[in-house]
Every structure is written in C-alpha cells, then in structure tokens.
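Report on one structure; see the data block that follows.
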Amino acid sequence: MTQDLARTNAAAPAAPEDADYARAHPLTMFGLDALIAGSARLRPERAALADHCEEGRAALAFAELDFAIGAFVARLREFDIEPGARILLCCPPRAQTLIAITAIIAAGFEPVLAPLGLPQSALIAAANASRAEALMAPVRFAKLDFEQALLGVAAQCPSIRLLGALSPEPIDGAVDFSLQGLRARPRTLPAGALISESWTPGDRAMIGTTDASGAPVFLAQGALLAAGLDLVRKTRRGGAAPIVSLVSPGSFGGLIAGPLAALLSSATLHFLAPFRADAFLRLLDEIGPARLVAPMAILPDLARSGLLDDGALLSCAVLSQPNDAPRAVIPEASCPIIEIAGAGASLRISSYADKEDKARVA
C-alpha cells in the first residue's frame with residue numbers, strides 16, 4: 001500500500017492495517033521537539049543516536065540530546081529573529097542535524113532542509129524563495145570545505161541575518177552551533193523541559209525541504225509523523241531494533257526513515273558517514289540485526305553480498321530518485337524492502353516489489 005504525504009491526516013481510523021490509522025494516530029498531534037523531550041523525561045539514560053565517522057564513534061543519550069537541543073534553543077534566542085522565521089539548514093548525516101532541526105522547531109522557527117551537496121546556486125534559490133533569515137551548515141564535513149560556498153550564499157541573500165556553523169571549525173562572521181560549543185554552555189533546563197504545557201496542534205511548525213533546484217516545499221509535522229508511523233508499521237518485524245542510516249535527514253524521506261522511525265519505534269539511530277564497507281560490516285556485527293536506511297543505488301551491492309537474506313538486516317528502507325538504475329534483482333527470501341520515492345509533498349512509501357513483479361534469484 002502506498003501513502004501520499006500530500007493527503008491530510010484528518011481521516012478517521014479504519015483497520016490497523018490501513019494507512020489512515022497512521023494518519024489518525026494521537027502521536028501525529030505532537031511535534032518532533034515534544035517526542036524527544038518526552039523520551040528525555042521517560043528514559044534519559046537510554047541511547048538515542050550515535051555518529052560513526054572517520055574520527056570514531058560519538059553517542060548521545062536522550063538526556064544529552066535534550067540538553068544539546070535546549071542549549072541550541074537558548075543560543076538561537078540570543079538573536080533578533082521573530083517567531084515563525086525560516087532557517088535554511090544544510091544537513092549532514094550526523095546527530096547535529098537532528099539537534100538543529102528540533103531546536104529550530106522548539107524555538108518557534110521553521111527549518112528548511114537541504115542536502116549537504118546542494119549546489120551554491122540552489123542554496124541561493126532556496127534561501128531567497130523561503131526568505132530564510134538564517135543559514136546553518138557545517139564548515140567542513142568528510143574532508144570537504146564549505147566555507148566559501150556558505151559565505152557566498154550569505155552574501156547574495158539579503159534576508160539572511162545569521163550564519164551558523166554546525167561544526168567546530170571557525171568561519172568569519174559565523175556563530176558556533178556545533179555540538180562541542182553547545183556542550184560548553186551552562187545547563188539551564190531540566191530534561192524534557194522543552195515540552196510546552198499549553199501547545200495546540202496549530203502551533204506546530206511546518207518543516208520544509210528543497211529539491212535539486214532549490215525550490216522549497218513545506219509539510220506539517222503531523223503528516224511526516226503519520227508517514228513515519230506507516231513506515232514503522234510496514235517494517236514492524238524489526239521491532240525496536242537499531243536503525244543504521246546512510247543518508248542525511250535533509251530530505252523528507254531521510255527524515256522519516258531515520259530520526260522519525262527511530263523515535264516512533266524506540267530504537268537507537270546510528271549515522272554512518274562517510275560510507276565505508278568495512279566500517280558498515282563492523283557496525284552490523286557490533287549492534288546485531290538492524291534496520292537499514294540507504295539510497296536505492298546500494299541495493300544491488302546488498303543483494304550480491306547476501307546481507308538482504310542472511311539475517312543481518314531486518315528491513316531496508318531505500319530512497320529512490322527518478323534517474324536511478326533499473327530495479328535490482330533481489331533474493332526471494334530478502335528482508336522487507338520499503339521504497340521511499342518521489343520528492344516533496346508527492347513522496348510515496350511502498351513495498352519495493354509485490355508478488356507479481358518481484359524479481360527472483362535462482
């Protein structure tokens with residue numbers, strides 16, 4: 001069954017197997033910030049997410065994640081930005097991205113997500129189209145330097161009044177919003193304090209994302225949470241097994257399949273970037289059977305390696321693009337594979353192949 005995110009989530013629940021059930025679920029009334037704050041109250045010491053990169057592993061418990069979000073919110077509120085303003089966020093596959101998205105929402109602003117590799121011209125178009133008042137991005141990531149590109153975008157977008165650095169390297173005129181900088185700030189909020197006692201569903205900020213040209217599309221958090229619940233339902237065999245994400249939360253698909261699915265299923269989220277086959281296999285050995293979030297392009301390699309049918313992966317959510325290669329041949333006994341296709345409000349979640357068109361391996 002497919003799900004179109006452009007549809008509303010106001011339908012009455014039918015059978016639990018129906019996508020309408022996900023859209024009517026009470027959790028869709030909450031925001032991303034409330035989900036994390038609630039987790040910090042209920043299970044502060046539980047592992048929330050971990051980064052696996054060339055420098056090693058860095059893990060965050062829910063209490064630490066909640067503190068970092070609170071410190072980010074406090075830092076944001078030091079600047080003269082009115083509630084409802086939009087912040088363009090270049091999203092690496094790191095814990096810092098989830099911290100930034102959640103803090104922007106909790107502070108009363110709207111995040112506009114962009115993949116980290118989006119060209120400078122597209123970032124300029126996105127900033128101008130959304131009238132973004134702030135631009136946030138890592139200065140360096142995986143040995144790539146974005147300093148000049150970020151300064152160029154800020155210089156050509158008159159609406160941008162704040163430049164934020166998500167990595168600790170200094171950049172001229174930028175404010176430090178890195179995890180290291182946030183940890184150095186005084187602890188002012190108890191765990192879970194970001195939940196408002198007087199919120200209404202209408203107060204929940206929209207979340208935007210950009211296409212390859214920089215055109216922004218916005219969706220309600222309730223619609224994204226409903227899609228996350230639908231994805232969790234399709235991969236319920238995995239239970240609360242950890243999720244390994246090879247993609248950035250800088251798209252609706254990456255946000256739904258990674259952070260939202262992890263929060264909704266009480267799973268630890270592991271970001272692995274940049275991708276290295278040896279590190280990937282070591283991680284799977286370390287954490288046991290896991291659910292994978294990956295680009296469609298990696299599916300043939302997973303099939304050839306046997307990872308789809310040897311129990312290492314309990315499910316695989318693959319993000320596809322219009323120019324992807326033809327569908328890969330997958331084993332008959334493969335784990336559930338869910339395809340997240342399209343872009344923006346036309347994003348669709350469906351089984352990779354049904355019994356009629358599923359390719360078989362002899």
Side-chain angles (χ1 to χ4, degrees), residues 1-3 5 52 91 93 115-117 142 209 211-212 227-228 230-238 241-262 265 267 269-285 287-343 346-362:
M1 176 169 38
T2 60
Q3 178 180 13
L5 297 188
H52 301 264
C91 301
L116 195 59
T209 189
D211 62 15
D230 191 36
L231 179 62
V232 169
R233 179 180 59 82
K234 292 177 187 295
T235 59
R236 56 182 174 268
R237 167 183 165 188
I243 295 176
V244 176
S245 180
L246 309 181
V247 302
S248 165
S251 67
F252 287 146
L255 181 63
I256 291 166
L260 290 184
S265 59
L269 176 62
H270 297 263
F271 283 117
L272 177 64
F275 177 81
R276 301 187 314 277
D278 57 341
F280 177 54
L281 294 175
R282 282 198 305 270
L283 178 57
L284 293 182
D285 286 339
I287 65 176
R291 293 173 286 173
L292 180 66
V293 183
M296 176 73 80
I298 201 176
L299 203 53
D301 293 327
L302 293 174
R304 284 192 293 268
S305 70
L307 289 173
L308 294 177
D309 58 351
D310 67 357
L313 297 177
L314 298 174
S315 68
C316 186
V318 290
L319 278 62
S320 64
Q321 301 293 333
N323 58 350
D324 279 339
R327 283 171 168 256
V329 176
I330 60 174
E332 178 67 19
S334 69
C335 64
I337 299 174
I338 306 301
E339 181 179 358
I340 304 178
S346 63
L347 197 69
R348 300 182 72 84
I349 300 174
S350 61
S351 297
Y352 176 72
D354 59 28
K355 293 181 179 178
E356 282 69 40
D357 64 9
K358 184 175 181 179
R360 299 188 179 188
V361 175

Checklist entry - In Å, rounded to the nearest 0.5 Å, how long is the span from CG of L283 to CG of D278? => result 11.5 Å

Next on the checklist: Taking the basic N atoms (NZ, or NE/NH1/NH2) and the acidic carboxylate oxygens, is any pair closer than 4.0 Å for R282 and D285?
Outcome noted: no

Next on the checklist: Looking only at the side chains, is there a donor atom on one of S350 and E339 sitting less than 3.5 Å from an acceptor on the other?
Outcome noted: no

Checklist entry - To the nearest 0.5 Å, how far apart are CG in L307 and OG in S334? => result 12.0 Å

Going by atom type alone, with no hydrogens or angles, which donor-acceptor pairs under 3.5 Å involve a side-chain atom of residues 244-261 and a protein atom two or more places apart or on another chain?
residue: S245; atom: OG; partner: V247; partner atom: N; Å: 3.3
residue: S245; atom: OG; partner: V247; partner atom: O; Å: 3.0
residue: S248; atom: OG; partner: C91; partner atom: O; Å: 2.5
residue: S248; atom: OG; partner: G250; partner atom: N; Å: 2.9
residue: S251; atom: OG; partner: G254; partner atom: N; Å: 3.0

Checklist entry - Is there a donor-acceptor pair closer than 3.5 Å between any side-chain N or O of R291 and the backbone N or O of C316? => result no

Checklist entry - In Å, rounded to the nearest 0.5 Å, how long is the span from CG of L281 to CZ of R276? => result 11.5 Å

Checklist entry - If you measure from CD1 on I337 to CD1 on I330, what distance do you get to the nearest 0.5 Å? => result 4.0 Å

Checklist outcome for this item: Rounding to 0.5 Å, atoms CD1 (I340) and CG (L319) come to a distance of 5.0 Å

Checklist entry - Would a 4.5 Å heavy-atom cut-off, applied to side chains only, mark H270 and I243 as touching? => result no

Checklist outcome for this item: Closest heavy-atom pair, L302 versus S305, reported as atoms and distance to 0.1 Å, is O-OG, 2.9 Å

Next on the checklist: Between L284 and L313, is the side chain to side chain contact (heavy atoms under 4.5 Å, CB included) condition met? List the steps.
Outcome noted: CA-CA 8 Å; L284 293 182; L313 297 177; 4.0 Å; yes

Checklist outcome for this item: Tightest non-hydrogen contact, residues L314 and A241, listed as CD1-CB, 3.5 Å

Checklist entry - In Å and rounded to the nearest 0.5 Å, what is the CG to CG distance from L308 to L299? => result 5.5 Å

